[in-house]
Each structure stands twice: as C-alpha cells, then as structure tokens.
Amino acid sequence: MEKVLGTPMNWRELYEQKKTTAEEAVKLIKSNDRVIFGHCICEPEGLIDAMVANHDAYRNVHITHMVSLGKGEYTNPEYKDNFTFDGIFAGAGTRKSLAEGRGDVIPVYFSELPIWMRRGILNFDVCLVMMSPPDQWGYCNLGVESGYTFQAIRSAKIVIAQINENVPFAYGDTHIHISQLDAVVEMNAPLAESKPAPIGDVEKQIGEYCASLIEDESTLQLGIGAIPDAVLSSLKGHKHLGIHSEMIADGVLDLVEAGVIDCSAKTLHRGQIIVTFLMGTKRLYDFADHNPMLMLRPVDYVNDPAIIAKNNKMVSINSALQVDFMGQVVADSIGTRQFSGVGGQVDFVRGAARAEDGKGISIIAMPSITTKKDGTVISKITPYIDNGAAVTTNRYDVDYIITEYGIARMKGKALKDRARALISIAHPSAVDHLEQAFRERFNTPL
Ligand code: COA
C-alpha cells in the first residue's frame, strides 16, 4: 500500500514520536533487506555513515542507488558479507567494487525506475533519504531531487529521513508529509557539491559546434559530464532558451541571470525550468529555494519520451565514451567495466526525435581522444566497440555526433557514409588507422 497522503493528526506529535538518532534508526534495517538511497544530492550521508558503522548487525543487505557523490564505503572489501551493491549507475565510490566482482548493476532506463517500483519489478524494504525540516503543514521538501526518490518513499516499506535544514524548498513533486516517514533524524550538514568541470579549448570548440545547431527558442536537455557546461557557455548570444532536462548543474545559472534562458518560448511548462534533480554547488541549491521558475518532477514524467516530445525545438545534448563506425554510442561502460549508467540518455534521444514540431534533434558530443591512466592516447571513434562494452544509444536512434573536429550526422546515412562522416571528425592522429579499418571492414575504398 503506497504511503501518499498527509494526515489530519497533529503532525508535530507525530514528528516527536518518529524522532530518533541515526544509530537507532538504522537498526530498522535487517539482514537481507533491499535498501534504496535518495538520489544524488538527496543521499543522506549521516544515515549511511551510521548504517556502515552498524555493519556487524547485518548480513547481505542490498544497496541500490543511481548517481551518488558519496564515499560508497559499503562497497569496501571488509564489508563484503554485510552489504552487496546492486547499482543503477556506477560512480567514483562504487566503480572499483564492481570491477573487483563485488556487486552488480541493474540495467534500467531512468524513466522506468519509478514504474518498476510501482509494478513490483524492484521492491525495497527501506528507503534512506534526506529532506528539509517540515513546514507549518508538516510537509518536508526534497529540495534537490524528485526523480525516483518521490516514488521510492511511497513504495518502500520503511522510510528513514535525515532532516537537514540546508535542503532548499523547491516547487513540484517534492512535498513529503511526516506521516509518510517511519523515522526522522535531525542532522544538519552542507549538501554534497559537484563543481563545474574546467572548460578547455577542446570543450570550447565542441560547445561552439553544438551551439551552431541550436536555434533560438529551443528547449534543452543537458547530460552529465564536462561537455554540457561548455555548450551552455557557447550560448550567450542565443535568445529565449528553455530547459526540460533530467538534471541541471551550475552552468545554467549564468544564462538564466543573463536572460538567455527564460523559458518563454517553451511549448510545455512555459516559463519554467523542468528537471528531476540538481547536481551542482550551493549556488544552484540557493537558486532552487522558493523559486517558481524551477519545477522538480519525477523522472517517469520528465524523461518520458512522449512528454519530452511536447517541447518544440527540443535539443538533447549528451556525451559518450566511444562511438563506432555504425554510430553505436557507448556511454556507460569501458569494455566489460561499468563506468556509469544509461541515465536519461536514450529517453531524451528518443523524445527529441519525436518532438511534435519535427524540429527536435539529439547530439552526442565528446572529445575525439582520451588519455588512459597508463598514458596511452586513444581515439573515441573506433571501428568496433570494445569487447564486452554495452551499446547505450543504438544506431537506429543516434542523430548528431560532434567532436572538436566537427559535426557528423548519422540519420539518413548508410553505414559506409556514417563511417566516412565519423572519420572526418576523428583526431588526425587516428585517421590512418581508421581509414585502414574502413577498407577492411567494408571491403571497399574510402
Ligand atoms: N576508453 C577508455 N577510457 C575512456 C574512454 C574510452 N573510449 N573514453 C573516456 N575514457 C575515460 C577518460 O579518460 C576518463 O578517465 P579518468 O576518469 O581517469 O580521467 C573517464 O573515462 C571519463 O571520461 P570523460 O570524457 O571525462 O567523461 P565525462 O565526465 O565527460 O562523462 C560520460 C562522459 C559519457 C561518461 C557521461 O556523460 C555518462 O555517464 N553518460 C551516460 C549517462 C547519460 O548520458 N546521462 C544523460 C542524462 S543525465
């Protein structure tokens, strides 16, 4: 039974009844339970630290979350009998454990995650989450996230909330009543921050190529990584841009302040930035606070391709680790290693393609080369994807690929022409090898 509504009871009494310490609250977790964390900045670090400290009380507790900026200590080898990581997205704190065989990943489109929870495809015993103190009506605010957390709170059998006065009040599907919570723990702490990535010459050039495809009055989705900020910084001369995106980072703020992003031309939610979660610095979280321009909505709404398609001139901008000659995009694995997750990449690629005005486009933008940890420089455009890698955006969905060497459109091109277009935007140091591979693969001259 979902926990949905508020209660006429005096919520202050309820709050006092539910108030406890982190040490006591995590005793509600039992061996073999499935635990889901609030997503991203909504992850309650104080509760997670208490859970890890209480590890001796648990055997085989399954931990699931999507993007996390946390330490991921529950994946450490010494806790392998206590916790198992069933991730939806790998990150800095969890990648190593996956590579070493502890834990696994569950492939799921971000847009479908709340639907899976409602249908019982994924069930959670406990949800650990962070939210603001209650308002005068007894509603706490999720402030930085609605994505899957809004549904996880409704679906989990037990909900434990870290109450943190630094969580902003955001409008949208962010209101959680005290009656929906089983235990509350007051613990103030600064919110986790993700600083903007530096924009070098390569990113700047990529940003400029992306900007050349973006018309005034477009609605943008910006993915995760260094490229989105570079694109935004190239849009200062544009007019009346809007945002309908899974996430935003600090990069949008300069354009909002400059009046470039005003959402005035949006055909869905005119005047409002629509997102599922925020991942930036305090500057972004302050912007969210009581700001009617920003609306946080669950991901099964925001990332639904049919909803995305209601935005005229919808432009989706995401990044990739590798693109092969057919335009297959690998964005979340490096060979057999899980690097991140699908997130909303495919949701937005498909939604933009179906934009009702016929003017939607999707862009996959990435530097042409990368340097591996051992110092080897490799081309991100390759004849074949790495052995064991998984395709994120497939060759039927992919549209524009951009590197610092130009723009290659995949749609409408046969395979050989796709490969030719991709070689034309590859790094000069990789071209000889790619041309040779072209001749071998297609048994024809370039
Ligand atoms: N082979 C081996 N290693 C590679 C590689 C390749 N082809 N391409 C990149 N790498 C390495 C880089 O060297 C870098 O290593 P480092 O961490 O040691 O520096 C690392 O992988 C990350 O690459 P980078 O280009 O810096 O990634 P990013 O931070 O810009 O993020 C994605 C790019 C693709 C990983 C990221 O956008 C993602 O996870 N996408 C999937 C989800 C998504 O698109 N969501 C969109 C909606 S929010």
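All ligand and atom numbering here is 1-based and tracks the order in the structure.
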(request) Considering only non-hydrogen protein atoms, determine which one is nearest to atom 44 (O) of ligand 1 and report residue, atom name and distance to 0.1 Å. (result) Gln345 NE2, 2.9 Å
(request) State, without any angle test, whether Asp332 and Gln338 hold a side-chain donor-acceptor pair at a distance under 3.5 Å. (result) yes
(message) Does the structure place the NZ or CZ of Arg95 under 6.0 Å from the centre of the six-membered ring of Phe339, at an angle of no more than 45° from the ring's axis?
(response) yes
(message) Less than 4.0 Å from atom 40 (N) of ligand 1, is there any heavy atom belonging to the protein?
(response) yes
(request) Determine, counting only non-hydrogen atoms of the protein, whether one lies under 4.0 angstrom from atom 14 (C) of ligand 1. (result) no
(message) Show me which atoms of ligand 1 lie under 4.0 Å from any heavy atom of Ala226.
(response) 30 (O)
(request) Return yes when at least one protein heavy atom is under 4.0 Å from atom 19 (O) of ligand 1, and no when none is. (result) no
(request) From the options Gln322, Glu246, Arg95, select the one whose nearest heavy atom is closest to atom 48 (S) of ligand 1. (result) Glu246
(request) Tell me which one of Gly343, Ala331, Gly341 gets a heavy atom nearest to atom 42 (C) of ligand 1. (result) Gly341
(request) Do me a favour and list the nearest non-hydrogen protein atom to atom 7 (N) of ligand 1 with residue, atom name and distance? (result) Leu321 O, 2.8 Å
(request) Tell me which protein heavy atom sits closest to atom 36 (C) of ligand 1, plus the residue, atom name and distance to 0.1 Å. (result) Ile224 CG2, 3.4 Å
(message) Between Met410 and Leu422, does the side-chain contact (heavy atoms from CB on, under 4.5 Å) criterion hold? Intermediate values first, please.
(response) CA-CA 9 Å; Met410 299 291 101; Leu422 286 165; 3.6 Å; yes
(message) For Pro196, is there any backbone N or O sitting under 3.5 Å from a side-chain donor or acceptor partner on Asp229?
(response) no
(request) Specify the protein heavy atom at minimum distance from atom 29 (O) of ligand 1: its residue, its atom name, and the distance to 0.1 Å. (result) Gly225 CA, 3.7 Å
(request) Between Val342, Thr371, Ile378, flag the one that comes closest to atom 43 (C) of ligand 1 by a heavy atom. (result) Val342
(message) Check this for me, if you would: do Asp250 and Arg283 make a salt bridge, where the nitrogen-to-carboxylate-oxygen distance has to be below 4.0 angstrom?
(response) no
(message) Test of understanding: given a 4.0 Å heavy-atom threshold, classify the contact between Asp386 and ligand 1 as side chain, backbone, both, or neither.
(response) neither
(message) Looking only at the aromatic ring of each residue, does the gap between the centers of Phe438 and His433 stay below 6.0 angstrom?
(response) no
(message) With the threshold set strictly below 4.0 angstrom, can you tell me whether any protein non-hydrogen atom sits that near atom 24 (P) of ligand 1?
(response) no
(request) Would you mind listing which atoms of ligand 1 come within a distance below 4.0 Å of any non-hydrogen atom of Asn318? (result) 44 (O), 46 (C), 47 (C)
(message) Is there a polar contact, in the sense of an N or O pair closer than 3.5 Å, between Lys380 and ligand 1?
(response) yes
(message) Regarding atom 21 (O) of ligand 1: of the candidates Thr370, Val346, Ile334, which has the closest heavy atom?
(response) Ile334
(request) Kindly indicate whether the side chain of Leu296, heavy atoms from C-beta on, has any atom under 4.5 Å from the side chain of Tyr171. (result) no
(message) If the cut-off is 4.0 Å to any non-hydrogen atom of Ser340, which atoms of ligand 1 fall inside it?
(response) 38 (C), 39 (O), 41 (C)
(request) Would you mind checking if Glu193 and Lys195 are paired as a salt bridge, meaning a charged N to carboxylate O distance below 4.0 Å? (result) yes
(message) Using a 4.0 Å heavy-atom cut-off, which part of Ala320 comes near ligand 1: side chain, backbone, both, or neither?
(response) backbone
(message) Heavy-atom count check: over 12 atoms from other residues, nucleotides or ligands less than 6.0 Å from Tyr396 OH?
(response) no
(message) Can you name the atoms of ligand 1, numbered from 1 with element, that are less than 4.0 Å from a heavy atom of Gln221?
(response) 47 (C)
(message) Please work out, at 4.0 Å between heavy atoms, whether the side chain, the backbone, both, or neither of Phe339 comes within that distance of ligand 1.
(response) side chain
(request) Indicate yes or no: at least one non-hydrogen side-chain atom of His244 is less than 4.5 angstrom from one of Gln221. (result) no
(request) Report yes or no: does Asp417 contribute a side-chain atom to a donor-acceptor pair with the main-chain N or O of Lys413 at less than 3.5 Å? (result) no
(request) Run the salt-bridge test on Asp254 and Lys236 with the 4.0 Å N-O cut-off and return the result as yes or no. (result) no
(request) Answer yes or no: is there an ion pair linking Asp125 with Lys157, defined by an N-O contact shorter than 4.0 Å? (result) yes
(request) Please indicate whether any nitrogen or oxygen in Lys373 is less than 3.5 Å from any nitrogen or oxygen in ligand 1. (result) yes
